[in-house]
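First the structure, in the form of structure tokens, and then the observations on it.
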There are 2 protein chains.
Amino acid sequence: MPKPAAPPVRPTALQAESLRRTRREHATETAEDYVEAIADLTASRGEARLVDLARRLGVTHVTVNRTLARLRRDGYVSTRPYRAIFLTEAGEKLAASGRRHTTVVAFLESLGIPAKAAALDAEGLEHHVGPETLAAFERHLRKAGK
Amino acid sequence: MPKPAAPPVRPTALQAESLRRTRREHATETAEDYVEAIADLTASRGEARLVDLARRLGVTHVTVNRTLARLRRDGYVSTRPYRAIFLTEAGEKLAASGRRHTTVVAFLESLGIPAKAAALDAEGLEHHVGPETLAAFERHLRKAGK
DNA sequence: AACATAATGTAGCCGACGCTACAAACGGCA
DNA sequence: TGCCGTTTGTAGCGTCGGCTACATTATGTT
Ligand SMILES: [Mn+2]
Ligand SMILES: [Mn+2]
Ligand SMILES: [Mn+2]
Ligand SMILES: [Mn+2]
């Protein structure tokens, strides 16, 4: 007998759009994690040094250096040789999106997920949470008593 | 006065581990999306052709071809020149992880997120949902009536 | 001041995953 | 059978983001 010719599970165009968006998000993901770490280090230690970043990000100091060059090129950080790293205006602004990170962690924990699993998952999830989803998470958190 | 020396917001080692895991997940992400698309196309159209994949994935046919070479190398698909693409055992198994995709979409929609936003976000989120989180999503879905 | 260690920089390598431009094979139809 | 549009293949390019190995600069201790 001939093929049943069922409709595709997901509309082609929408899936293509979704995947394109995901790839775009991955492109800015590194920048977000870096500025977040720099902001955190600056707040806690007074300055963000290369080695601290490497430790936090789980990469070598070489990778950090090359990535910082890209971040400098894109206007997120200002660096001088052998000095601490500072965020620019744009960098500060991008770092503020780290509030998303906090929200995601809190939301996962509110679902009964253990803290460690929540922390692990949040690091990847945060970059794919759109505005509607973020709003829904916050709504759920308010409803679930703080 | 000297620095307050507040503790870092997140423990260094845990953040490094989280980021490492996220990078690992990104490495398998492409493979997952491809085998999922191949399985879907095979089910709906009877066969998965290169051009269909390119359309679905939002990339050129060249990118698909190069990626398929990698998937073949890694044992997920079997291809012959100018023929349709088939999943291997391993490919089928990996495609089954597409159940995660469905769950994520359903979970997001159960939070009141509009279908389109849910579909867009899910494509990226799915790859960072660990077992505990997936279980929590399913739990929430059961609780929220089907 | 000298030295040793830590921090930072640089050269050069790799793989993944995008792309354009062009070439070859396939398939349907005049 | 021959032709033409579609599909598939390939050559060559670029960016990102990892790495090792080695060079240089800061820094702290004797
Ligand atoms: Mn992250
Ligand atoms: Mn991701
Ligand atoms: Mn998917
Ligand atoms: Mn996906």
- Examine B/His26 together with B/His128 and report whether their ring centres are nearer than 6.0 Å. yes
- Between A/Ala48 and B/Ala31, whichever has its closest DNA chain C nucleotide further toward 5' is A/Ala48
- Message: Whole angstroms only, please: what is the OH-C1' distance between B/Tyr82 and D/dT6?
- Response: 11 Å
- Expressed in angstrom and rounded to an integer, what is the separation of A/Leu68 atom CG from C/dA7 atom C1'? 14 Å
- For A/Arg80 and D/dA26, what is the distance between atoms CZ and C1' respectively, to the nearest whole Å? 15 Å
- Side chain of A/Thr63 - closest among C/dG18, C/dG9, D/dC19: D/dC19
- Task: Indicate whether any N or O donor in one side chain lies under 3.5 Å from an N or O acceptor in the other, for B/Arg72 and B/Thr79.
- Result: yes
- Which residue lies toward the 5' end of DNA chain D, A/Thr60 or B/Leu50, if each is placed at its nearest nucleotide? B/Leu50
- Task: Tell me yes or no: between the side chains of B/Glu25 and B/His127, is some donor less than 3.5 Å from an acceptor?
- Result: no
- Figure out the NE2/P separation between A/His61 and C/dA11, and round it to whole Å. 13 Å
- Given salt bridge (Lys or Arg N to Asp or Glu O under 4.0 Å), test B/Arg55 with B/Asp52 step by step and report yes or no. CA-CA 5 Å; B/Arg55 239 189 310 274; B/Asp52 302 320; 3.2 Å; yes
- Message: Rounded to whole Å, please give me the gap between CD in A/Glu25 and P in D/dC16.
- Response: 18 Å
- Query: Of the candidate nucleotides D/dG18, C/dG9, C/dC19, which contains the atom at the shortest distance from the side chain of A/Tyr34?
  - Reply: D/dG18
- Item | Spacing between B/Leu53 atom CG and D/dT8 atom C1', to the nearest angstrom | 13 Å
- Query: Among all residues two or more places apart in sequence or in another chain, which pass the side-chain hydrogen bond (donor to acceptor under 3.5 Å, both in side chains) test with A/Glu29?
  - Reply: none
- Query: Do the side-chain N or O atoms of B/Arg73 get closer than 4.0 angstrom to the phosphate oxygens (OP1, OP2) of C/dA16?
  - Reply: yes
- Item | Listed nucleotide nearest any side-chain atom of B/Asn65, set D/dT8, C/dC19, C/dA7 | D/dT8
- Query: Rounded to whole angstrom units, what separation is found between the CZ atom of A/Arg24 and the P atom of D/dC16?
  - Reply: 16 Å
- Message: Quick check on D/dT8: is either OP1 or OP2 less than 4.0 Å from any side-chain nitrogen or oxygen of B/Arg49?
- Response: yes
- Item | DNA chain D: 5'-proximal contact among A/His26 and B/Thr79 (nearest heavy atom) | B/Thr79
- Query: Hey, which of these two, A/Arg66 or A/Arg20, hits DNA chain C nearer its 5' end, going by closest nucleotide?
  - Reply: A/Arg66
- Measure from the side-chain heavy atoms of B/Val62 and tell me the nearest of D/dT20, C/dA21, C/dG18. C/dA21
- Message: Nearest whole Å is fine: how far is C/dT8 C1' from A/Arg83 CZ?
- Response: 13 Å
